[in-house]
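Structure, as structure tokens:
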Protein chains: 2
Amino acid sequence: MSTPTDISLQRRSTAEVVSDTLMRLIVEGELKAGAPLRESSLATRLGISRNSLREGIRLLEQSRLVKYEVHRGAVVSTPTLKDLDDLYRTRLMLETMAVQEIPSPEALEEVERTFEQLKESVESKEVEPIVNADLAFHHAIVGLLESERLSAFYEQISKEMIFYFTVLSYADEEYANPDEPILARHTEIVEAIRRGRRAEASELVTAHIMANFARLKEILQERLEESETT
Amino acid sequence: MSTPTDISLQRRSTAEVVSDTLMRLIVEGELKAGAPLRESSLATRLGISRNSLREGIRLLEQSRLVKYEVHRGAVVSTPTLKDLDDLYRTRLMLETMAVQEIPSPEALEEVERTFEQLKESVESKEVEPIVNADLAFHHAIVGLLESERLSAFYEQISKEMIFYFTVLSYADEEYANPDEPILARHTEIVEAIRRGRRAEASELVTAHIMANFARLKEILQERLEESETT
DNA sequence: AAAAGTAGGATCGTAGGACAACTCTTGTCA
DNA sequence: TGACAAGAGTTGTCCTACGATCCTACTTTT
């Protein structure tokens with residue numbers, strides 16, 4: 001007999017796989033910002049038909065990582081200050097609301113679990129696991145709101161954040177920086193949530209997010225100025 | 001010379017038109033909850049190819065109004081209590097956050113404008129314009145957050161609300177009800193926003209949304225019990 | 001008669017070819 | 001230098017085809 005796992009693995013259409021694959025290629029920087037997604041070459045490269053590729057891109061459209069322009073095809077989005085601002089304001093809103101919620105045991109458990117993972121990955125000192133653990137932790141925070149919609153929404157936000165990290169080479173610079181007290185910051189937040197100090201948690205989260213935002217903004221600004229003179 | 005309007009009208013791919021059309025058919029109740037979207041017949045009916053139809057459905061997927069099941073095709077979503085709850089919790093969060101924001105003049109202007117429209121439509125006593133004006137007003141509220149992402153997100157939420165209204169025949173029942181003080185409630189909210197009484201505005205919005213939610217939930221519960229005995 | 005099995009039709013998932021419409025680039029000409 | 005035209009490349013859309021899968025109704029088995 002086949003296990004449920006077998007089934008769910010089978011149950012993915014090419015379009016969905018394509019969407020995930022392209023997303024991975026984008027957030028990993030293989031497909032760079034502004035790059036066009038040429039249908040025939042990508043289809044050939046992935047060994048699928050143009051039809052399926054296009055369906056996949058349509059799925060990807062909702063992620064905001066690519067944008068279709070009629071007769072010009074899909075293009076990987078280009079970071080702007082305005083968009084980064086929007087992204088972080090959205091993030092800020094979701095997370096500050098979340099920590100002010102009275103948490104359910106399961107959601108709280110998930111926060112604890114991801115926090116443990118974060119601690120472990122920080123010890124390993126490898127950048128990628130830290131980034132992923134960090135994102136998972138914040139996802140768990142939003143999970144406190146216990147809304148499928150909002151969690152799914154934040155999932156997209158996360159993808160966009162990784163995209164910005166990659167484009168701006170932010171991760172290596174900040175996460176590998178021993179002066180950046182990632183663990184301390186997150187410990188404070190978890191503590192505040194545990195103790196039900198909601199206002200405090202909210203302020204800590206705000207400070208944390210705004211600090212990241214300020215740094216990213218700075219880097220992006222430099223980048224934009226650079227490319228302007230080019 | 002062609003005007004910009006000409007261009008933007010041209011500049012819609014079939015898939016986008018299809019997506020909008022299907023969405024309209026769904027929120028208007030032409031395509032009922034649980035109904036399958038048969039590709040060949042729909043494509044013929046809309047005078048387009050199956051390819052384009054499928055692309056359109058992929059675009060629609062993000063709206064949550066339809067769901068693809070592999071080898072079973074797209075199906076119009078079925079309302080559940082759980083989902084209605086999720087929907088309204090999300091709505092509540094966005095709107096209460098929004099009215100606590102310090103509003104920009106433009107965003108505030110939009111709130112006033114949609115409020116005027118609401119007043120006018122209430123006078124006309126026609127249900128559909130009232131519903132639309134109501135939704136537009138709440139969209140303007142979320143606009144106070146001045147985030148493109150959150151506004152787009154709320155746009156989806158709105159569509160889902162209309163869907164629930166239609167499925168539950170909620171609009172005719174509630175909006176046409178002269179005892180339901182739609183205008184009074186909204187006037188209070190606008191007043192509170194105008195005067196910068198943010199906490200009060202937040203409470204008024206909460207009360208308003210929760211009242212709607214309670215009524216919708218009641219109706220849905222009845223419906224589900226009915227269909228269970230069938 | 002209920003459960004299990006099976007055959008056939010309908011529908012989906014995907015491929016691949018075709019072609020008009022459009023964009024972009026390049027080279028020509030004023 | 002700038003306008004314009006030709007050509008190559010790419011997208012938007014349609015069409016046909018066919019295996020895989022689902023669904024229904026009929027047949028066989030217990």
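Computed from a predicted model, the values in this text were never measured in an experiment. Note: hydrogens, waters and symmetry copies are ignored here, and every other heavy atom, side chains too, is used. Per chain, numbering begins at 1; letters A, B, ... match sequence-line order.
Computed from coordinates, the A:Leu42 CG to D:dG9 P distance equals 18 Å when rounded to whole Å. The OH atom of A:Tyr68 sits 14 Å away from the P atom of D:dT10 (whole-angstrom rounding). Atom CG in A:Leu59 sits about 12 Å away from atom P in C:dG13, given to the nearest Å. When the P atom of C:dG9 is taken as reference, atom CZ of B:Arg38 falls 18 Å away, rounded to whole Å.
Between A:Arg72 and C:dC24 there is a side-chain N or O to OP1 or OP2 distance below 4.0 Å. At the phosphate of C:dT23, OP1 or OP2 sits under 4.0 Å from a side-chain N or O atom of B:Arg11.
Contacts of B:Ala133 classified as side-chain contact (heavy atoms from CB on, under 4.5 Å), with partners at least two apart in sequence or in another chain: B:Leu118, B:Ser121. Scanning for ring pair (Phe, Tyr, Trp, His ring centres under 6.0 Å) contacts around B:Tyr164 gives an empty result, with sequence neighbours left out.
Shown are B:Val127, B:Val27, B:Val131; of these, the side chain to side chain contact (heavy atoms under 4.5 Å, CB included) with B:Phe165 is made only by B:Val131.
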Can you give one letter per nucleotide of nucleotides 14-20 of chain C, 5' to 3': B if a protein heavy atom sits under 4.0 Å from the base, S if only from the sugar-phosphate, - if neither?
BBB-B--
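With salt bridges taken as basic N to acidic carboxylate O contacts below 4.0 Å, one links A:Glu110 and A:Arg113. Residues B:Arg215 and B:Glu218 are paired through a salt bridge, judged by an N-O separation under 4.0 Å between the basic side chain and the carboxylate. A salt bridge between A:Arg45 and A:Glu30 is present, with a side-chain N of the basic residue lying under 4.0 Å from a carboxylate O of the acidic one.
Residue contacts shown for B:Leu37 are limited to sugar-phosphate atoms, with no base heavy atom under 4.0 Å away.
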